[in-house]
Amino acid sequence: MRPRHTAPAALLLPFTLLLAACGGASRADGGGGSDSGTDGKGSLTLNVGDQKGGSEALLRAAGELDDLPYKIKWSTFTSGPPLLEAVNAGAVDVGAVGNTPPVFAAAAKSKIKVIAGTHSRSDGEAILVKKDSPLKRPAQLKGKSIAVAQGSSANYQLVASLKKAGLSPKDVTLTYLQPADALAAFTRGKVDAWAVWDPYTSQALDQADARVLTTGQGVVNGLSFQVAAPAALDDKKKAAALKDYTDRLRRAQNWVFKHPDVWAKAWAKETGLPEKVALDAVKRTRGTAVAVAVDKRAIASEQQIVDTFAKLKLIPRSFAFGEFVDPRFNGDLPPSSTAPRTYGKAR
């Protein structure tokens, strides 16, 4: 029998700090936003929803907040769902989330529009087990307990991985937990597996005696999005600022790929992650992102998530995801199927 022990406080703290620092993040329920400062100058203010260690930290590290011709008022949220609630309410003009929160928001008929996307590797989207676990293949999860954040990208990755293995959610016991609680349950042996995303994946592998059972590579779409308020898009000046903002994010992402060590240090300082874990997450997933068009293929891929969750009754209705997309900023961006960058074999 595996000994029951609590997760070290030093491990739990960064996980708590990082509850929403997943660009995608964005993948867990949580509370509302808090003001976290303003950048830029000028009469126009763009209200941007962010998550700890997210867009603001990325743009600042890449120098993309220098000489900003408009103001950005930052509001920090614990995760994607409350950020999108703020977009729906008009309190935020734009914010970054993963591939699943827009599905839940749109199912609730929120006033949102997906305006930009990135495509990353999905090695960090993983189902983890303990190193001494007898589980070797996803098919062996039948009858086992799995921790996952409900409505998260990990939730979809888990469902898709089970389906690939010939299983359904009914064949396992799902324990819906946020990452910090899931970590504690995983560490104590209260669950047999944990479906999660980077940087939690990298931290668990480094510090929680975990190993990867399977990843989302080839199973999930690897997309993350910028989601805007329709009212902001209808304002010509704000729409121009949104275009500039997404361009800056694209350049910052290019910078990250070329300077993974510099970004990992900045990200670690912002979030409390150990630098090694931050660098592992950058090279496994976060630095691999490439800006892509929100095109028909991206919409069709998201529609699969809609249809899957509707069938499982995890969302109240099915709908056409394309109705919640505004493609005006696609420009000459490559298609959403463009391969993510890579630093070589994932660690």
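- Note: L44 CG to K71 NZ = 10.0 Å, rounded to the nearest 0.5 Å.
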Yes or no on side chain to side chain contact (heavy atoms under 4.5 Å, CB included) for R341 and N254, after CA distance, side-chain angles and deciding distance? CA-CA 10 Å; R341 300 171 170 113; N254 292 340; 2.3 Å; yes
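- Looking only at distances, a side-chain donor or acceptor of D171 sits under 3.5 Å from a matching main-chain atom of S168.
- Taking 4.0 Å as the cut-off between side-chain N and carboxylate O, K130 and D132 do not count as a salt-bridged pair.
- A donor-acceptor pair under 3.5 Å links the side-chain atoms of S145 to the main chain of D192, judged by distance alone.
- Hydrophobic clustering, with ILVMFWY side chains joined whenever heavy atoms are under 4.5 angstrom apart, keeps L177 apart from V159.
- N330 places a side-chain N or O within 3.5 Å of a backbone atom of V294 that can act as its donor or acceptor partner.
- The pair K243-D247 meets the salt-bridge criterion, since a charged nitrogen lies less than 4.0 angstrom from a carboxylate oxygen.
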Pair T118, V292 - check side chain to side chain contact (heavy atoms under 4.5 Å, CB included), show working. CA-CA 5 Å; T118 60; V292 295; 5.6 Å; no
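- Minimum heavy-atom separation, A281 to W267: CB-CZ3, 3.8 Å.
- Summarising the local packing, CG of D67 is surrounded by 12 or fewer heavy atoms from other residues, nucleotides or ligands at distances under 6.0 Å.
- Under the 4.5 Å side-chain criterion, counting only non-hydrogen atoms from C-beta, E85 is not in contact with S110.
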Kindly indicate, with the supporting measurements, whether the criterion ring-ring contact (aromatic ring centres under 6.0 Å, His included) is fulfilled by W255 and H259. CA-CA 6 Å; W255 174 86; H259 303 89; 5.2 Å; yes
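- L312 places a side-chain heavy atom less than 4.5 Å from the side chain of P169.
- A salt bridge between D307 and K311 is absent, with no side-chain N of the basic residue lying under 4.0 Å from a carboxylate O of the acidic one.
- For the residue pair S161 and Q157, a side-chain donor N or O sits within less than 3.5 Å of a side-chain acceptor on the partner.
- Annotation: side chain of V94 is in contact with side chain of I115 (closest heavy-atom distance under 4.5 Å).
- Between the T187 side chain and the L183 main chain, a donor and an acceptor come within less than 3.5 Å of each other.
- Checked by atom type and distance alone, the side chain of K113 pairs as donor or acceptor with a backbone atom of E323 at under 3.5 Å.
- Of the possible polar contacts, one joining the Q303 side chain to the F319 backbone as a donor-acceptor pair under 3.5 Å is found.
- Both L213 and V219 are members of a single hydrophobic cluster when ILVMFWY side chains are connected at heavy-atom separations under 4.5 Å.
- For the pair T214 (side chain) and P138 (backbone), a donor-acceptor distance under 3.5 Å is absent.
- Between L68 and R248 there is a side-chain heavy-atom pair separated by less than 4.5 Å.
- When the side chains of ILVMFWY residues are joined at heavy-atom separations under 4.5 Å, either directly or via intervening members, L205 and V196 end up in a single hydrophobic cluster.
- Under a 3.5 Å cut-off, the side chain of R317 and the backbone N or O of A107 do form a donor-acceptor pair.
- With respect to the salt-bridge test (charged N to carboxylate O, under 4.0 angstrom), the residues D123 and R121 qualify.
- Using a 4.5 Å heavy-atom threshold, the side chains of W197 and T285 count as separate.
- Comment: D206 engages K276 in a salt bridge, judged by a side-chain N to carboxylate O separation of less than 4.0 angstrom.
- Distance CD/Q253 to CZ/R286: 9.5 Å, rounded to 0.5 Å.
- Annotation: side chain of V191 is not in contact with side chain of I146 (no heavy-atom distance under 4.5 Å).
- In this structure, the side chains of T308 and V306 stay at 4.5 Å or more apart for every pair of heavy atoms.
- Side chains of S301 and N221: a donor on one and an acceptor on the other come within 3.5 Å.
- Here L279 contributes atom CG and Y343 contributes atom OH; the two are 8.5 Å apart, rounded to the nearest 0.5 Å.
- In this structure, L65 and I72 have side chains that are in contact, with non-hydrogen atoms separated by less than 4.5 Å.
- Distance check: F225 CZ to L84 CG gives 11.5 Å after rounding to the nearest 0.5 Å.
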I would like to know whether Y245 and Y70 meet ring-ring contact (aromatic ring centres under 6.0 Å, His included); could you show each step before the answer? CA-CA 10 Å; Y245 177 72; Y70 50 89; 7.7 Å; no
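- Between F104 and the choices F324, F309, F321, the ring pair (Phe, Tyr, Trp, His ring centres under 6.0 Å) rule is met once, by F309.
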What do the steps show when you test K73 against L46 for side chain to side chain contact (heavy atoms under 4.5 Å, CB included), and what is the final call? CA-CA 6 Å; K73 181 181 179 183; L46 197 62; over 6 Å; no
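- Cluster membership check: L314 shares its hydrophobic cluster with L167, using side-chain heavy-atom separations under 4.5 Å among Ile, Leu, Val, Met, Phe, Trp and Tyr.
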For the pair R60 and D39, evaluate salt bridge (charged side-chain N to carboxylate O under 4.0 Å, His left out) and give the outcome as yes or no after the intermediate values. CA-CA 10 Å; R60 197 174 304 286; D39 282 285; 2.8 Å; yes
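- At a threshold of 4.5 Å between side-chain heavy atoms, the hydrophobic network of Ile, Leu, Val, Met, Phe, Trp and Tyr places L158 and V172 in one connected group.
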V114 and D326: CA distance, side-chain angles, deciding distance, side chain to side chain contact (heavy atoms under 4.5 Å, CB included) verdict: CA-CA 6 Å; V114 174; D326 187 326; over 6 Å; no
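- The closest donor-acceptor contact from the side chain of Q51 to the backbone of F77 lies at 3.5 Å or more, if one exists at all.
- A side-chain donor-acceptor contact under 3.5 Å links D198 to the backbone of S202.
- The pair K238-D93 meets the salt-bridge criterion, since a charged nitrogen lies less than 4.0 angstrom from a carboxylate oxygen.
- Separating the CZ atom in F186 from the CG atom in L128 is a distance of 5.5 Å, to the nearest 0.5 Å.
- Here the closest heavy-atom approach between residue K144 and residue Q140 is recorded as CG-O, 3.6 Å.
- Of the N and O atoms on the side chains of D295 and S336, at least one donor lies less than 3.5 Å from an acceptor on the other residue.
- Residue R211 qualifies as enclosed at atom CZ: its count of foreign heavy atoms under 6.0 Å is above 12.
- With respect to K265 and D261, no salt bridge is recorded, no charged nitrogen being found less than 4.0 Å from a carboxylate O.
- Taking OG1 of T288 as the start and NE2 of H119 as the end, the distance is 8.0 Å to the nearest 0.5 Å.
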